[in-house]
Amino acid sequence: MPDDSARFTLGPELLDTLLEHLASRVRGLGTALSTAETPPRVVRAIGDASDFEALQAKLGEGPTRQAAESHEAVHSADLRHDERWPKLAEALAPRDKVVALAVAGGWDDDGPIVLTVYLDRDPTPDDIRAIEETEPVLAVSAALVDFCAGEIIKADQLVDMIEYRRVIEQAKGMIMAARRCDAAGAFRTLVATSQHYNVKLRELAVATVELVGHAPAESGTDEQLAPPADAARRAASHLWQSLRSA
C-alpha cells in the first residue's frame with residue numbers, strides 16, 4: 001500500500017507516453033484521447049490523429065464523436081468511403097486509406113473517455129489486443145491528468161480512483177450477465193441510469209455491486225469503499241428490478 005504521505009504531480013507527458021507506446025505497438029497513423037463532451041474535447045493526440053480529430057470537430061461528424069455519443073466501439077474500414085460521415089469522407093478523399101477504431105471506455109460520471117486509433121491498413125488481432133490492453137490504463141490516467149490538473153494528489157486518492165474503476169467494471173459484469181449484453185451495452189445502461197436518476201456513476205456502481213452481492217463493496221485491498229448515498233441505492237434497486245423483469 002502506498003504511504004499516505006506520498007504525493008504525485010501529473011501532467012500531459014504521461015498521456016503522451018502512453019499514446020506513443022500504443023502507437024508503437026500498432027504502427028499506425030496516430031492515436032488520440034478525447035472526453036465524452038458534446039462535441040468531444042481532445043485531451044491529447046499524437047501523429048496524424050491531431051489533424052483527424054480537428055477535422056471531425058470542424059465538420060461535426062466522425063468516429064470519435066459517434067463513440068462518445070453512443071458509448072460504443074466504432075470501426076471504419078476506410079474513412080474516405082464511409083457513408084456515415086460524408087463530409088469527413090470528402091475531406092479525406094485525397095489521402096491514402098484511413099482506418100479508424102474508436103473505443104469508448106468507462107471512467108467517471110460524465111461518460112466515457114474515447115480512445116481513437118488511426119491506421120493505414122486493416123487492424124490485426126495484435127492491434128485489437130494492444131488497444132484493449134492500453135485503454136483501461138489511458139482512461140485512468142486521463143481522469144487523473146485531466147480532472148486533477150495542477151493539483152498535488154495524495155497516494156491514497158490515486159488508489160481510490162483506481163479502485164472505483166474496478167467496482168465500475170464489476171457492476172458492468174453483473175449487468176452483462178443479467179442482460180446478456182456486451183461490455184459496451186452494460187456501460188451504456190450504467191451511464192443512462194446515473195443520468196436519469198442524477199446520481200454519480202461511481203456511487204451507482206458501488207450500490208449495484210452491494211445490492212447484487214448482498215455485501216458491502218470492497219476494493220482490491222479488501223477494504224470497504226465509502227457507502228453510496230441513498231439516492232444511488234434507490235437507482236440501483238430500480239435498475240436491477242428492471243433488468244430482472246426484462
Side-chain angles (χ1 to χ4, degrees), residues 34-41 63-75 102-115 131-133 135-140 142-144 146-147 156-246:
S34 305
T35 67
E37 297 172 349
T38 303
R41 175 172 56 85
T64 298
R65 189 183 190 110
Q66 182 166 324
E69 293 175 349
S70 67
H71 301 168
E72 292 184 322
V74 177
H75 171 233
V103 181
W107 167 250
D108 212 338
D109 306 317
D110 295 325
I113 289 289
V114 180
L115 169 62
I131 294 170
E132 290 176 344
E133 290 173 355
E135 182 278 322
V137 181
L138 273 166
V140 173
L144 290 168
D146 195 47
F147 300 112
D156 56 354
Q157 289 177 308
L158 185 148
V159 173
D160 186 56
M161 296 182 76
I162 295 175
E163 293 303 346
Y164 274 114
R165 165 88 185 208
R166 180 177 179 273
V167 174
I168 289 173
E169 293 300 318
Q170 290 178 340
K172 283 169 56 179
M174 293 172 175
I175 295 172
M176 289 168 65
R179 284 191 55 196
R180 298 183 182 276
C181 66
D182 59 12
F187 182 67
R188 289 198 306 274
T189 298
L190 274 174
V191 171
T193 302
S194 70
Q195 293 174 344
H196 179 77
Y197 290 100
N198 193 28
V199 298
K200 291 183 177 297
L201 182 67
R202 66 177 70 178
E203 289 198 25
L204 174 62
V206 172
T208 301
V209 170
E210 290 188 352
L211 175 66
V212 180
H214 304 289
E218 295 183 346
S219 69
T221 57
D222 295 329
E223 295 180 0
Q224 294 183 3
L225 297 172
D230 290 342
R233 294 186 189 278
R234 289 193 294 270
S237 178
H238 293 155
L239 167 62
W240 197 245
Q241 287 176 11
S242 67
L243 293 174
R244 294 294 297 272
S245 61

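Please read all numbers here as calculations on a predicted model, not as lab measurements. The chain is numbered in sequence order, starting from 1.
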Peer 1: Tell me the closest heavy-atom pair linking Pro228 and Val206, and the distance in Å.
Peer 2: CD-CG1, 3.8 Å

Peer 1: Could you pull out the closest heavy-atom pair between Val199 and Ala235, with the gap in Å?
Peer 2: CG2-CB, 4.2 Å

Peer 1: Let me confirm one number: the CE-CZ distance from Met176 to Phe187, rounded to the nearest 0.5 Å.
Peer 2: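 Met176 CE to Phe187 CZ: 13.5 Å, rounded to 0.5 Å.
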
Peer 1: Which heavy atom in Leu190 sits nearest to a heavy atom in Ile168, and how many Å separate them?
Peer 2: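 For Leu190 versus Ile168, the nearest heavy atoms are CD1-O, 4.2 Å.
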
Peer 1: So which heavy atom on Thr193 is nearest to which on Leu239, and how close?
Peer 2: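 Taking every non-hydrogen atom into account, OG1-CD1, 3.6 Å.
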
Peer 1: So, for Ser237 and Leu211, which heavy atoms are closest and what is the spacing to 0.1 Å?
Peer 2: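 So the minimum-distance heavy-atom pair works out to CA-CD2, 3.7 Å.
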
Peer 1: Measuring from Glu203:CD to Asp230:CG, what's the distance to the nearest 0.5 Å?
Peer 2: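 Going from CD on Glu203 over to CG on Asp230, the span is 10.0 Å.
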
Peer 1: About how many Å separate NZ of Lys172 and CG of Asp182, when rounded to the nearest 0.5 Å?
Peer 2: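 Here the rounded value is 9.5 Å.
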
Peer 1: Check for a donor-acceptor pair, side chain of Thr208 on one end and backbone N or O of Leu204 on the other, with a separation under 3.5 Å.
Peer 2: yes

Peer 1: Between Met174 and Trp240, which heavy-atom pair has the shortest distance, and what is it?
Peer 2: O-CH2, 3.8 Å

